[in-house]
Amino acid sequence: MPVTPFQQRVYDAVALIPPGRVATYRGVATRIGCGSPRAVGQALKHNPFAPRIPCHRVIASNLTLGGFMGHVDGPAVRRKVRLLEGEGVRFVDGRLEDSARLHDFGRM
DNA sequence: AGTCGCCACGAAG
DNA sequence: CTTCGTGGCGACT
């Protein structure tokens, strides 16, 4: 699957997320100049750079986990939480415990 | 090339 | 919680 410039922007933005922090689809979308977080989610679900892009650091703006590897629920999401917890980002009841872990791309 | 449907979301009601 | 709207990509026509 050919990678579109749009996806490239998404992957680049996500790759800029430092460890121990998470970004929201909204933040990434705004960062890349896209008002649609849905497009970001779609780009990430394609994930041509699966292990290369820390897509597990991307969560929904409502502090929910969102999805992972094309799964909205299941072992993949569980793995996602485990990865984030390994970086210091703890989740409670499927939600981000510390909202301060949200990475600011510099929104406005 | 134009149109329809899909998506891991967001905001509004 | 439910519904509509936005933006973009894939597939079909």
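Chain naming here is simple, since letters A, B, ... match the order of the sequence lines and numbering starts at 1 in each.
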Q: What is the distance from CZ of A:Arg26 to C1' of B:dA11, rounded to the nearest Å?
A: 8 Å
Q: What integer distance in Å separates A:Gln7:CD from C:dC9:C1'?
A: 8 Å
Q: Using whole Å, report how far CG of A:Asn47 lies from P of C:dG10.
A: 14 Å
Q: Between A:Leu84 and A:Lys80, is any pair of side-chain heavy atoms under 4.5 Å apart?
A: yes
Q: Near DNA chain B, under 4.0 Å by heavy atom, which residues of residues 89-100 of chain A?
A: none
Q: Once Watson-Crick and G-U wobble pairs under 3.5 Å are found, how is DNA chain B written in dot-bracket notation, 5' to 3', with | for any base paired to another strand?
A: |||||||.|||||
Q: Looking only at side-chain atoms of A:His46, point me to the closest of B:dC9, B:dA8, C:dC9.
A: C:dC9
Q: So A:Phe6, base contact, sugar-phosphate only, or nothing? Heavy-atom distance under 4.0 Å.
A: sugar-phosphate
Q: Could you check how far OH of A:Tyr25 sits from P of B:dC9, rounded to whole Å?
A: 6 Å
Q: Are any of the side-chain nitrogens in A:Glu87 or A:Arg21 under 4.0 Å away from the carboxylate oxygens of its partner?
A: no
Q: Do A:Phe91 and A:Ile59 make a side-chain contact, defined as non-hydrogen atoms from C-beta onward lying under 4.5 Å apart?
A: yes
Q: Rounded to the Å, how far apart are A:Tyr11 OH and B:dA8 P?
A: 14 Å
Q: B:dC6 C1' sits how many Å from A:Lys45 NZ, rounded?
A: 7 Å
Q: Between residues 59-68 of chain A and DNA chain B, which residues have a heavy-atom gap below 4.0 Å?
A: A:Ala60, A:Ser61, A:Asn62, A:Gly67
Q: Just compare B:dC7, C:dG10, B:dG10 and give me whichever is closest to any side-chain atom of A:Thr4.
A: C:dG10
